[in-house]
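Right, one structure below, let's go through it.
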Amino acid sequence: MEEVYKTPESSLIDGRSSRKPVGDYRLYKLPAVGLATFFGTILAGGIILSHNFKQLGREDMARNALVFSFLALVVIFGLAFFVPDIPGVNVVFTVVQLVAMMQIAKKYQGDDVEHHMANGGAMISNWAAFGISLLVLVVVIGLLFGVGMLLPY
């Protein structure tokens with residue numbers, strides 16, 4: 001008769017074994033997502049997330065990061081037009097975007113980035129993320145200016 005209190009044996013799949021081995025690819029650190037989101041809107045943070053997902057071999061998540069960050073940007077700008085001009089509201093919009101993107105990055109990429117760094121994987125400088133955020137910001141401001149010029153008063 002089998003031991004009643006013995007833990008049953010099973011072949012569990014270890015989630016870490018499915019990680020892409022550390023190779024020639026480079027990843028952004030998690031603070032780069034927050035940096036890009038703070039200076040270049042939520043879309044810039046989504047671009048950084050997307051890059052990391054692509055390098056980790058998760059193309060579907062890379063696409064989702066771009067699509068959802070773009071949709072979030074549209075929703076945020078839409079809300080910004082309807083919210084009254086109350087002091088401090090801009091800060092709330094920024095903080096919500098920043099916290100959301102950092103938590104998303106931590107949840108979906110935190111372990112992979114940490115594993116990559118611990119095994120000597122190459123990382124991309126946060127200055128590159130800052131540059132991407134400035135480029136995205138210039139494009140977004142240009143688009144807003146262009147749309148503003150087309151709207152009748």
I need the [X] [atom1] to [Y] [atom2] distance, nearest 0.5 Å.
X	Y	atom1	atom2	result
Glu114	Asp112	CD	CG	10.0 Å
Leu73	Phe68	CG	CZ	15.0 Å
Leu98	Gln103	CG	CD	10.0 Å
Ile132	Trp127	CD1	CH2	14.0 Å
Tyr25	Ile124	OH	CD1	11.5 Å

Do [X] and [Y] touch side chain to side chain, with heavy atoms closer than 4.5 Å?
X	Y	result
Ile47	Leu66	yes
Phe70	Val67	no
Met61	Leu56	no
Tyr108	Leu49	no

Minimum heavy-atom separation for [X] and [Y], please, with both atom names.
X	Y	value
Leu30	Gly110	CD1-CA, 3.7 Å
Ser133	Ala44	CA-CB, 3.8 Å
Lys54	Ala62	CG-CB, 3.5 Å
Ala65	Gly46	CB-O, 3.9 Å
Gly40	Val136	O-CG1, 3.3 Å
Gln55	Arg26	CG-O, 3.5 Å

Q.
Atom CZ of residue position Phe53 - does it have more than 12 heavy atoms of other residues, nucleotides or ligands inside 6.0 Å?
A. yes

**Q.** Crowding at CD, Glu59 (>12 non-hydrogen neighbours, <6.0 Å)
**A.** yes

Transitively linked via ILVMFWY side-chain contacts under 4.5 Å: [X] with [Y]?
X	Y	answer
Leu144	Leu150	no
Leu27	Met117	yes
Leu71	Leu143	no
Val74	Leu79	yes
Val91	Val99	yes

**Q.** Pairs touching residues 41-52 that satisfy side-chain hydrogen bond (donor to acceptor under 3.5 Å, both in side chains), sequence neighbours left out
**A.** Asn52-Gln109

Q | side-chain contact (heavy atoms from CB on, under 4.5 Å) against Ala129, all qualifying residues, sequence neighbours excluded | A |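 Only Tyr28, Ala32, Leu35, Ile48 meet the side-chain contact (heavy atoms from CB on, under 4.5 Å) criterion with Ala129.
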
Q) Does Ile76 have any side-chain contact (heavy atoms from CB on, under 4.5 Å) partners at least two apart in sequence or in another chain, and if so, which? A)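 Ile76 satisfies side-chain contact (heavy atoms from CB on, under 4.5 Å) with Ile42, Phe93, Gln97 only.
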
